[in-house]
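Scroll down for the structure; my scribbles are underneath it.
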Amino acid sequence: MLPFDQAWALLKMPQEARAFAQQAHEGQMYGEEPYMYHVDEVASQFQDPLLQRIAYLHDVVEDGRVSVNDIHERFGEEVGHGVDAMTRRPDENYFDYIQRVGEHPHARQVKIADLTHNLSVEQPGGMRQRCEKSLEMLSW
């Protein structure tokens, strides 16, 4: 059994990541919804606090003014590595990116949740096919 302080720290960590993501995504939209709708949907697929933190932060580097180093410093190495693995590099081929994500076990799980949510909402034809192919690549 964890002492209360340790248990409380574990429980509040995902909420700190959510608050950070909410600030980073301020003003961004996911279709007709505020971007946090998507982020919350992805994070809600996990019970594990580590996976929840990575899920909350999965787009902050690509979409915001946050660096991977910021994530490492604020949320630790494990979360930082997961977010880094989920961050597509400039000029990186999309399917090379998906293959790279698949090499990181935590990032792979979060990307599957991300793609699953993307497929649950209306997507233009090409985006839908790309999501389906990506999900297939990660579901081995």
Side-chain angles (χ1 to χ4, degrees):
M1 186 98 158
L2 288 175
F4 177 79
D5 290 344
Q6 283 181 300
W8 178 248
L10 277 175
L11 286 173
K12 75 176 193 163
M13 281 190 278
Q15 293 311 310
E16 290 173 2
R18 186 188 186 282
F20 186 87
Q22 190 164 20
Q23 186 174 21
H25 291 299
E26 177 119 19
Q28 295 175 346
M29 301 296 286
Y30 183 84
E32 299 292 316
E33 301 285 340
Y35 202 81
M36 284 306 293
Y37 160 74
H38 169 66
V39 173
D40 285 334
E41 289 294 317
V42 174
S44 73
Q45 296 183 48
F46 301 102
Q47 295 296 314
D48 180 270
L50 172 62
L51 292 172
Q52 287 175 336
R53 286 180 287 163
I54 294 169
Y56 279 126
L57 300 168
H58 79 272
D59 279 336
V60 298
V61 175
E62 278 184 24
D63 293 347
R65 295 169 293 278
V66 177
S67 74
V68 171
N69 286 339
D70 294 334
I71 301 299
H72 278 281
E73 288 175 18
R74 182 147 182 177
F75 297 99
E77 294 299 306
E78 228 176 351
V79 173
H81 290 305
V83 172
D84 185 33
M86 291 207 56
T87 302
R88 188 173 169 197
R89 312 292 188 251
D91 302 321
E92 184 175 28
N93 172 281
Y94 183 77
F95 293 111
D96 290 344
Y97 156 70
I98 294 298
Q99 187 170 352
R100 183 172 56 77
V101 170
E103 295 169 4
H104 188 284
H106 298 124
R108 182 177 158 273
Q109 290 179 67
V110 175
K111 188 63 180 176
I112 288 171
D114 178 39
L115 291 166
T116 300
H117 182 253
N118 286 339
L119 285 168
S120 76
V121 298
E122 188 71 29
Q123 295 287 339
M127 281 296 287
R128 183 166 220 48
Q129 289 174 325
R130 186 168 94 163
C131 286
E132 288 170 349
K133 181 177 179 180
S134 300
L135 199 52
E136 190 177 305
M137 288 173 68
L138 294 171
S139 299
W140 35 266

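Predicted model, so just to flag it, every value in this text is computed and none were measured. Counting from 1, the numbers follow the sequence of the chain as shown.
- Rounded to the nearest 0.5 angstrom, His117 NE2 and Tyr37 OH are separated by 3.5 Å.
- Of the possible donor and acceptor atoms, none in the side chain of Arg65 sits under 3.5 Å from a partner among the backbone N and O of Ala24.
- The shortest side-chain heavy-atom distance between Asn118 and His38 falls under the 4.5 Å cut-off.
- Checked by atom type and distance alone, the side chain of Arg108 never pairs as donor or acceptor with a backbone atom of Glu103 at under 3.5 Å.
- A centroid separation of 6.0 Å or more is found between the aromatic rings of His25 and Tyr56.
- Aromatic ring centres of His104 and His81: separated by at least 6.0 Å.
- With His58 contributing its side chain and Ala55 its backbone, the two residues share a donor-acceptor pair below 3.5 Å.
- Arg100 contributes a side-chain N or O that, together with a main-chain N or O of Thr87, makes up a donor-acceptor pair within less than 3.5 Å.
- Inter-residue side-chain proximity for His106 and Val79 is flagged as unmet; no heavy-atom pair is nearer than 4.5 Å.
- Shown here is Glu33, whose CD atom has more than 12 heavy atoms of other residues, nucleotides or ligands within 6.0 Å.
- Here OG of Ser67 is found 7.0 Å from CD of Glu73. Values are rounded to the nearest 0.5 Å.
- Within 6.0 Å of the CD atom in Glu92, the count of heavy atoms belonging to other residues, nucleotides or ligands exceeds 12.
- Two residues are said to be in side-chain contact when any heavy atoms from C-beta on lie closer than 4.5 Å; Val121 and Tyr30 meet this criterion.
- One distance of note links CE of Met127 with CD of Glu122; it measures 12.5 Å at 0.5 Å rounding.
- Here Phe46 contributes atom CZ and Ile54 contributes atom CD1; the two are 9.0 Å apart, rounded to the nearest 0.5 Å.
- For Asp84 and Arg89, the salt-bridge test passes: some basic side-chain N is under 4.0 Å from an acidic carboxylate O.
- A 4.5 Å side-chain heavy-atom check between Ser134 and Tyr94 finds at least one atom pair inside the cut-off.
- Met86 has its side chain out of reach of Val83: every pair of non-hydrogen atoms, C-beta onward, lies at least 4.5 Å apart.
- For the pair Glu62 and Arg88, the tightest heavy-atom approach, listed with the atom from each and the gap, is OE2-N, 2.6 Å.
- Within the cation-pi definition used here (under 6.0 Å to the ring centroid, within 45° of the axis), Arg53 does not qualify as a partner of Phe75.
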